[in-house]
Asks: 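Structure below; questions to follow.
Excluded from the calculations below are hydrogen atoms, water molecules and symmetry mates; all remaining heavy atoms, backbone and side chain alike, are included. Numbering starts at 1 and runs along the sequence shown.
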Amino acid sequence: MTEIPVSRRDFIKQAALAGAAVPMVTDAAVAATTQTQKPSPDADIAWLDGAPPATHEGQSWGMPWPRGTVPARAQFRAATSTGKSVPVQSWTTAWWPDGSIKWTAHAIPAGEALADGLRVAPGKSPAPAQPVRVTAGGDSIEVSTGAVTWRIGKSGDAILRSATNGGRESLRDVRLVATAQNGPDSDDGAHAAIERYTSDITSTTIEQNGPVRAVIRVEGTHKAGARGWLPFTLRLYFHAGSQAVRIVHSFIFDGDPDKDFIRGLGLSGAVPMRDQPHDRHVRFAGQDGGLWGEAVRPLTGLRRDSGKQFRDTQVAGIATPSAAELPKPVRETLQYIPAWGDFTLAQPNADGFAITKRTKPGHGWIDVDTAGRAPGLGLIGGPSGGVAFGMKDFWQRCPVRLDVRDAATDLAHFTIWHHAPDAAAMDLRMYHDGLGMNDHVAENQGLDITYEDYEKGWGTAHGIARTTEFTLWALPATPPRARLVEMAHEVSRQPRLTCAPARINAAGVFGDWSLVDRSTAARKAIEDQNDALLDYYVGQVDQRRWYGFWNYGDVMHSYDTDRHVWRYDIGGYAWDNSELSTDLWLWYSYLRSGRADVFRMAEAMTRHTGEVDVYHIGPYRGFGTRHGVQHWSDSSKQPRVSNAAYRRIYYFLTADERCGDLMHALIDSDYTLQRVEIGRKVDERAPGSAPPGGNSAVKAAGALPDGQVFVQFGTTWGSLISAWLTEWERTRDTKWRDRIVTGMRSIATLKQGWFAGGAPFELKTGRFLGPGDKVSVSHLNGVFGVFEMHAELLELLDEAAYREVWLDYCAFYNASDAEFRAKTGQPGRGRGLRAAHSRFTAYAAVQRKDAALAKRAWGEFLGSDDGHDTAALGRVRRISGPDVLKPIDEMAGVSTNGTAQWGLAAVANLALIGDALESGR
């Protein structure tokens, strides 16, 4: 095996479709060539939203480098457009096969004014003015970012034991809290007894120690008495010059869904209160840049005027004059003005929040105000210091809550509830009782009518996970109101530096894609359609309220035009769960366009699908769940859902450590096939029933020796290789490269090559076995990222025999029946999704320099509807009145899997054979 030297594909214009009558190509279309940008050692880094933020608490991002241009031990410097150096901390996240750097990650200090972004190049970086310093002690770790020093626990319940700003303590005892009950809520609102849990730390690790950025990983469980459950991994991110810590918290549900019902999940801490009650401030960020703010003891609105200076300073959140300067009628009766100790902002749904307050426990709550969507920021403090606390995607992850308690005492408390404890308990039980499906025959009949693959005991939530992001500020005093609004924006819409799409494309990463190009009528038509589809899905998230603790980030699979709703309650047509690579469509659309709204939708989906739709412990560990009414309810557990291909783009663009953990956890998931036989139901259908779709379009393996499992080339092996490729790139451990190569070489020896569909797989070696002499084609084999992975892998590995086998599959999958039979000697049943597979044809056309294949590819893409009304895609109508609950937008013929594959085919075809389209008439 040899690795391919530096090169890029060079498909020449002989592939032009001279004289071809291709739909959507008009007489106005002209031939044009989009030149590949020349790789540059510099990199353009810009703000995702275009305009720079007012300020930020430090930034991290990832960026690629062309193969062979940056040596493995290179250092990096960063500078503004004017040449001013900016301190930067850099680390490598991936290497090319030749040992040169492929991806790096970088971090800069807080508050750097970067109106025009950054340029990054090899070189030496200056040190930050206030470097991060990390000191490990016996039972704690101290991190100093300048004025603020944080102390992290190594054991016990307090993750952050304290934080001081300028030597004065701002907060202490930050811990995780949870409440749960052993039974569901009853219809009348009653519930079982509630147990309260707090974090119990089992390990604390320094992952980065400055000078610009420090990362501390804390692991543990939620514990009460002898029971420790809900294992968590939490990372604390500190940046030089920042007063904040960003916290990324992930937990696994390891309970029994029939017995464990979570009520509340939160992050709580204590705040010393040194100021007088009338100088203590509570703030909640409101809707559209608004802010609610009051003092614990108000001096405004009294029957006796406290004086303009007292009123103005209290409202502004700065120290009032000495109490001795209050007018006598006020000064002598201060004790009779209620001190309000407890405050709550509750967002039970995506459409409204309410603020309430009370003086102290045992007394009634008073309604304060309501509005629509809270950005998720609160504050408790005063002129002597305090804490601001926030949660990303706050209202989107409803039901959520922000609490301030004991503000009238010497020690106040705050809690960010990422699942509100007064909301209904989480009910993770299977949503139906099995409906009499007690054997595989009945289960297949159920699959035939609702598209749901049910099997008793398999629709469990045990082992799923969720990640939430928090930010805490240790403040020297209450910030001005305008600054708090800025902080709320930082929490709800994080400012983010990103590598420019043109720079990423020029580096030659992520396979075959090109930048958005509307230079001809034909290209414009395809780009406009893709934008229309993106706009529709971005809009549907909000219009259909695809929000909530477990749901946010996912989309629905298929639409019901009779009810004018997505098929939320119909089996496999409900939640999408990455079916046919929706994640990849969004990420490639972002790479091509740089659209901030698409990035944020893809980010939310990556957070969801990699956590909620995947098992992290238990018998299905490393596999995900097929699309269904609940994210875990379908019995089909497969690696095509847990697929690292859906995470790696986000990881390399952001250097997100949690995403890296998830991909690393998949490297041995092939062994889960010893417990999960994906094709176990295929041969147990009722006579005359339709062949099962989805997961069951898999060849049953029969009995195999120990150490062997049956593996489909596309849906299973094609997903596994994405984890192995990523691990090889990230670690340079050639074990994972060799495992991919072994699989490639063994497929190349099979008589039918890729058309065999799958074969027995030897787990120890990664080798496929058997003659592979039968054709077994599934339309699903090529639509779960395997095409995109091969576009990358075959640029890295020189496996000539396997390359030809793959190119044969690409060239003949969409061939005529006669051509297919002539190639394989057998019929080619099961070759659906022709438009999606047009990119396979295009790839073969480029690699074999075959103009006829290029012409055929565009015909397949533009002339196939794959069962979807492609003519209607992009046409949206507004429906209102008695047929719908509220006015909605409806796009006829839409389904997410068809949309995603159309979009991915468009991405690849435009990059590979765009010239053939442009010169089509």
Asks: Is a salt bridge present between Arg658 and Asp656, judged by a nitrogen-to-oxygen distance below 4.0 Å?
Replies: no

Asks: Hey, mind stepping through Val491 and Trp473 against side chain to side chain contact (heavy atoms under 4.5 Å, CB included) and telling me if it holds?
Replies: CA-CA 11 Å; Val491 168; Trp473 281 263; 3.6 Å; yes

Asks: Classify the side-chain pair Thr344/Asp403 by whether it contains a donor and acceptor separated by less than 3.5 Å.
Replies: yes

Asks: Within a radius of less than 6.0 Å around NE2 of His664, do more than 12 heavy atoms belonging to other residues, nucleotides or ligands occur?
Replies: no

Asks: Please report the shortest heavy-atom distance between Val676 and Lys637, naming the atom on each side.
Replies: CG1-O, 3.7 Å

Asks: Taking the side chain from Arg373 and the backbone from Ala350, do they hold a donor-acceptor pair closer than 3.5 Å?
Replies: yes

Asks: To the nearest 0.5 Å, what is the distance between CG (Leu234) and OG1 (Thr467)?
Replies: 10.0 Å

Asks: Measure across Val786 and Gly714 and return the closest heavy-atom pair with its distance rounded to 0.1 Å.
Replies: CB-O, 4.4 Å

Asks: Do the side chain of Ser581 and the main chain of Val783 share a donor and acceptor less than 3.5 angstrom apart?
Replies: yes

Asks: For Tyr552, is the NZ or CZ atom of Arg607 found under 6.0 angstrom from the centre of its six-membered ring and inside 45 degrees of the ring axis?
Replies: no

Asks: Is His222 reaching over with its side chain to a backbone N or O of Val177, donor-acceptor style, under 3.5 angstrom?
Replies: no

Asks: Carefully, step by step, assess Trp587 and Phe599 under the rule ring-ring contact (aromatic ring centres under 6.0 Å, His included).
Replies: CA-CA 7 Å; Trp587 279 121; Phe599 179 98; 5.3 Å; yes

Asks: Between Tyr237 and Glu57, is the side chain to side chain donor-acceptor pair (under 3.5 Å) condition met? List the steps.
Replies: CA-CA 10 Å; Tyr237 294 87; Glu57 298 297 340; over 6 Å; no

Asks: Does one side chain, of Thr606 or Tyr646, offer a donor that lies under 3.5 Å from an acceptor on the other?
Replies: no

Asks: Calculate, to the nearest 0.5 Å, the distance between atoms OG1 and CG belonging to Thr726 and Leu666 respectively.
Replies: 9.0 Å

Asks: Determine, stepwise, if the pair Asp733 / Lys735 fulfils salt bridge (Lys or Arg N to Asp or Glu O under 4.0 Å).
Replies: CA-CA 5 Å; Asp733 185 345; Lys735 168 185 175 179; 6.0 Å; no

Asks: Is the NZ or CZ atom of Arg397 both under 6.0 Å from the centre of the six-membered ring of Phe549 and within 45° of that ring's axis?
Replies: yes

Asks: Ignoring hydrogens and angles, tell me if any N or O in the side chain of Glu657 forms a donor-acceptor pair with the backbone of Arg235 under 3.5 Å.
Replies: no

Asks: Give a yes or no on whether the backbone of Trp575 and the side-chain of His557 come within a donor-acceptor separation of less than 3.5 Å.
Replies: no

Asks: Going from CD on Glu219 to OG1 on Thr204, what distance comes out if it is rounded to the nearest 0.5 angstrom?
Replies: 8.5 Å

Asks: Would Arg213 and Trp91 count as a side chain to side chain contact (heavy atoms under 4.5 Å, CB included) if you check the C-alpha gap in whole Å, the side-chain angles of each, and the deciding distance to 0.1 Å?
Replies: CA-CA 11 Å; Arg213 177 190 197 243; Trp91 60 102; 3.2 Å; yes

Asks: Going by the side-chain hydrogen bond (donor to acceptor under 3.5 Å, both in side chains) test, name the single residue among Arg161, Lys154, Arg151 that passes it with Asp139.
Replies: Arg161

Asks: Counting N and O atoms only, with roles assigned by atom type, does the side chain of Asn643 sit under 3.5 Å from a partner on the main chain of Phe784, one being a donor and the other an acceptor?
Replies: yes

Asks: Determine the minimum heavy-atom distance between Tyr615 and Tyr620, stating which atoms define it.
Replies: CB-O, 3.4 Å

Asks: Working to the nearest 0.5 Å, report the span between OG1 of Thr205 and CD of Gln208.
Replies: 13.0 Å

Asks: Are Arg647 and Thr609 linked by a side-chain donor-acceptor pair shorter than 3.5 Å?
Replies: yes

Asks: Are Arg544 and Trp546 in a cation-pi contact, defined as NZ or CZ under 6.0 Å from the six-membered ring centre and within 45° of the axis?
Replies: no

Asks: Do any N or O atoms from the side chain of Glu611 and from the backbone of His616 form a donor-acceptor pair under 3.5 angstrom?
Replies: no

Asks: Can you see which heavy atom on Leu345 is nearest to which on Ala374, and at what distance?
Replies: CD2-CB, 3.8 Å

Asks: Would you find a donor on one side and an acceptor on the other, under 3.5 Å apart, between the side chain of Arg175 and the backbone of Ile159?
Replies: no

Asks: I'd like to check Ile678 versus Pro639 (side-chain heavy atoms, cut-off strictly below 4.5 Å). Are they in contact?
Replies: yes

Asks: Quick check on side-chain hydrogen bond (donor to acceptor under 3.5 Å, both in side chains): which of Asn444, Asp453, Asp439 does Lys681 satisfy it with?
Replies: Asp453

Asks: Does the distance from a Lys or Arg side-chain N to an Asp or Glu carboxylate O, for Glu727 and Arg739, drop under 4.0 Å?
Replies: no

Asks: When you look at Met605 and Val555, which way does the side chain to side chain contact (heavy atoms under 4.5 Å, CB included) test go after all the steps?
Replies: CA-CA 8 Å; Met605 182 172 287; Val555 297; 4.1 Å; yes

Asks: Provide the closest heavy-atom pair for Ile740 versus Ile721 in the form atom of the first, atom of the second, distance.
Replies: CD1-O, 3.9 Å

Asks: Within the distance-only criterion (no hydrogens, no angle test), does the side chain of His608 pair as donor or acceptor with the backbone N or O of Trp550 below 3.5 angstrom?
Replies: yes

Asks: Please tell me if the side chains of Ile262 and Phe253 come closer than 4.5 Å, counting only heavy atoms from C-beta onward.
Replies: yes

Asks: Check each of Asp254, Asp668, Asp670 against Arg621 using the salt bridge (Lys or Arg N to Asp or Glu O under 4.0 Å) test, and report the only one that passes.
Replies: Asp668

Asks: Would you say the side chain of Met391 lies within less than 4.5 Å of the side chain of Leu402, judging by non-hydrogen atoms?
Replies: no

Asks: Spell out, as yes or no, whether a donor-acceptor pair under 3.5 Å connects the side chain of Thr221 to the backbone of Leu230.
Replies: no

Asks: Return the minimal non-hydrogen interatomic distance between Ala94 and Phe652, and the atom names on each side.
Replies: CB-CE2, 3.6 Å

Asks: Give, for atom NE2 of His419 and atom CE of Met426, the distance between the pair rounded to the nearest 0.5 Å.
Replies: 4.0 Å

Asks: Is there side-chain contact between Thr896 and Glu579, with heavy atoms separated by less than 4.5 Å?
Replies: no

Asks: Against the six-membered ring of Tyr651, is Arg730 placed for a cation-pi contact (under 6.0 Å from the centre, within 45° of the normal)?
Replies: yes

Asks: Is it true that atom CG of Asp706 has more than 12 heavy atoms of other residues, nucleotides or ligands lying nearer than 6.0 Å?
Replies: no

Asks: Between Glu443 and Arg680, is a salt bridge (Lys or Arg N to Asp or Glu O under 4.0 Å) present by the stated rule, with each step listed?
Replies: CA-CA 12 Å; Glu443 290 160 8; Arg680 63 192 178 277; over 6 Å; no

Asks: Students often mix this up, so state it plainly: with edges at 30° and 60°, are the rings of His418 and Phe251 parallel, tilted or perpendicular?
Replies: perpendicular

Asks: Please indicate whether Arg196 has more than 12 foreign heavy atoms, meaning atoms of other residues, nucleotides or ligands, lying under 6.0 Å from its CZ.
Replies: no

Asks: Checking side chain to side chain contact (heavy atoms under 4.5 Å, CB included) against Ser719, which of Arg640, Met789, Gln638, Gln712 comes through?
Replies: Arg640

Asks: Salt bridge check: are Asp157 and Lys223 linked by an N-O gap of less than 4.0 Å?
Replies: no

Asks: Determine, stepwise, if the pair Val174 / Leu472 fulfils side chain to side chain contact (heavy atoms under 4.5 Å, CB included).
Replies: CA-CA 10 Å; Val174 176; Leu472 302 180; 4.1 Å; yes

Asks: Does any donor atom in the side chain of Arg626 or Ser635 lie under 3.5 Å from an acceptor atom in the other side chain?
Replies: no

